[in-house]
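Heads up, the thing below is written out as structure tokens.
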Amino acid sequence: MTDWIADERRYLVQNYGRQPVVLERGEGTRVWDADGNEYLDFVGGLAVNVLGHAHPVVAEALAKQARTLIHTSNLYYTEPMIELAKLLVENSALDRVFFCNSGAEAIEAAIKLARRWGHDTKNGAHEVIATLDGFHGRTMGALGATGTARYREPFEPLAPGYVHVPWNDIDAIKAATNPKTVAVLLEPIQGEGGVNMPTPGYLQAIRAWCDEQGILLILDEVQTGVGRTGTLWAYEQEGIEPDIMALAKGLAGGVPIGAMLAKEAIAAHLVPGDHGTTFGANPLATATGLATLNYVIEQQLPARAAKASDHLQSRLRSLEDRFEEVTEVRGRGLLLALAFSKDIAVEVVTQCRQRGLLVNNVRPNAIRLMPPLNVTDDEIDRACDIIEAALTAVLAPAK
Ligand SMILES: Cc1ncc(COP(=O)(O)O)c(C=O)c1O
């Protein structure tokens with residue numbers, strides 16, 4: 001029998017710390033490994049699988065498009081990209097869409113657009129203010145914006161033009177603003193940084209400051225978008241609108257896609273020849289995105305995610321009463337973290353996996369839960385029973 005893990009270690013670049021499971025197939029919130037073990041998947045492909053695994057809407061759109069037209073290049077028009085762009089524009093505060101293939105690329109496009117706008121209208125303003133612990137991707141530009149030293153330092157020098165300020169500190173943004181500033185870039189909720197919530201009023205204060213200074217607000221909704229936080233876009237719950245928004249992850253239900261959305265007056269600054277990517281707007285990705293996003297909207301899955309979140313949060317909060325080491329439940333919608341007073345997240349993830357639940361150790365002292373938006377209450381109950389058993393095993397080991 002093939003030892004897949006040994007072969008992975010032999011043939012792939014060893015840049016990921018993978019869990020020791022070979023996943024073979026999935027259905028809804030469940031996945032099975034090569035040995036036939038079943039797991040509840042509360043990682044959801046890192047907030048990608050908004051409809052769960054093998055959803056017929058995703059699978060059929062993908063198969064139908066694969067039989068019709070997979071790739072053309074951006075030298076031509078295709079229907080799915082136009083339909084998906086229209087759906088995004090009609091269901092957001094933004095006016096125009098650029099498609100790419102990942103979150104990092106959506107950020108790169110957002111930064112290039114902001115700089116082009118600064119070049120044309122603000123005397124060459126180009127500096128971007130981003131937040132510490134913010135995560136925007138691993139390409140050199142997106143990494144420049146990412147606010148975690150250990151991701152950045154081994155790859156320096158990075159592209160210049162980024163300033164990092166502490167999260168939830170509006171005064172730091174004000175102090176960092178200067179005539180060279182073109183934009184503030186941040187996530188509405190910091191995802192990879194540990195599911196860190198904005199303090200009430202923080203995002204509104206940034207919006208007001210950007211308006212006052214005539215600079216752009218770029219929201220990175222790569223993780224929070226497509227219903228994840230209980231509304232289609234997280235900014236809706238903050239009563240603000242971004243000038244530019246980056247999307248990826250859940251947009252095509254698991255097929256690689258990214259999108260940069262912008263207000264009309266800003267988008268107009270990118271002209272033919274300024275930017276592009278071979279696979280961007282690919283019919284396979286955009287047709288699947290169209291089917292996924294239509295389904296998310298028609299089935300009101302953001303509202304379902306909010307309701308599921310209430311149930312999941314109340315179950316997680318009961319663990320706070322049961323274990324004194326459980327210190328916090330944070331997040332919104334189905335982007336939640338359970339935090340501990342000790343660095344036990346790796347052990348909790350292992351104990352959960354051994355009991356049939358996949359969760360992610362987003363911080364040494366916190367696990368992150370990102371199930372599909374259509375997760376059932378019964379699945380939430382089973383997941384929480386497993387987390388409770390895992391915590392019991394980690395915190396009260398058998399003598
Ligand atoms: C908020 C945010 N922005 C950007 C990215 C980068 O996306 P990708 O990994 O698709 O390049 C991520 C990935 O986790 C993310 O969470």
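Counting convention: from 1, in listed order, for ligands and their atoms alike.
With sequence neighbours excluded, no residue forms a salt bridge (Lys or Arg N to Asp or Glu O under 4.0 Å) with D41.
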Show me, pair by pair, the donor-acceptor contacts under 3.5 angstrom made by side chains of residues 187-199, not counting sequence neighbours?
residue: E187; atom: OE1; partner: G191; partner atom: N; Å: 3.0
residue: E187; atom: OE2; partner: F135; partner atom: N; Å: 2.8
residue: Q190; atom: OE1; partner: N196; partner atom: ND2; Å: 2.9
residue: Q190; atom: NE2; partner: T131; partner atom: OG1; Å: 3.0
residue: Q190; atom: NE2; partner: L132; partner atom: O; Å: 2.9
residue: E192; atom: OE1; partner: R368; partner atom: NH2; Å: 3.4
residue: E192; atom: OE2; partner: Q223; partner atom: NE2; Å: 2.9
residue: E192; atom: OE2; partner: R368; partner atom: NH1; Å: 2.9
residue: E192; atom: OE2; partner: R368; partner atom: NH2; Å: 3.3
residue: N196; atom: ND2; partner: G193; partner atom: O; Å: 3.1
residue: T199; atom: OG1; partner: N168; partner atom: OD1; Å: 3.2

Atom pairs and distances, donor-acceptor, side-chain atoms in residues 92-109, under 3.5 Å, two or more places apart:
residue: S92; atom: OG; partner: L88; partner atom: O; Å: 2.9
residue: S92; atom: OG; partner: L94; partner atom: N; Å: 3.2
residue: D95; atom: OD2; partner: E264; partner atom: N; Å: 2.7
residue: R96; atom: NE; partner: E264; partner atom: OE1; Å: 3.1
residue: R96; atom: NE; partner: E264; partner atom: OE2; Å: 3.0
residue: R96; atom: NH2; partner: E264; partner atom: OE2; Å: 3.3
residue: N101; atom: ND2; partner: E105; partner atom: OE1; Å: 3.4
residue: N101; atom: ND2; partner: E105; partner atom: OE2; Å: 3.0
residue: N101; atom: ND2; partner: T277; partner atom: OG1; Å: 3.2
residue: S102; atom: OG; partner: E105; partner atom: N; Å: 3.2
residue: E105; atom: OE1; partner: T277; partner atom: OG1; Å: 3.4
residue: E105; atom: OE2; partner: N101; partner atom: N; Å: 3.4
residue: E108; atom: OE2; partner: T139; partner atom: OG1; Å: 2.5
residue: E108; atom: OE2; partner: G141; partner atom: N; Å: 3.0
residue: E108; atom: OE2; partner: A142; partner atom: N; Å: 2.8

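A side-chain N or O of T376 and one of E379 form a donor-acceptor pair less than 3.5 Å apart. In summary, the side chains of Q299 and R304 do not present any donor paired with an acceptor at a separation below 3.5 Å, with no hydrogens or angles considered. With 3.5 Å as the limit, one finds no donor-acceptor pair spanning the side chains of T224 and W233.
Near ligand 1, residues S102, G103, A104, F135, H136, G137, E187, E192, D220, V222, Q223, K249 each place a heavy atom inside the 4.0 Å sphere around the ligand atoms.
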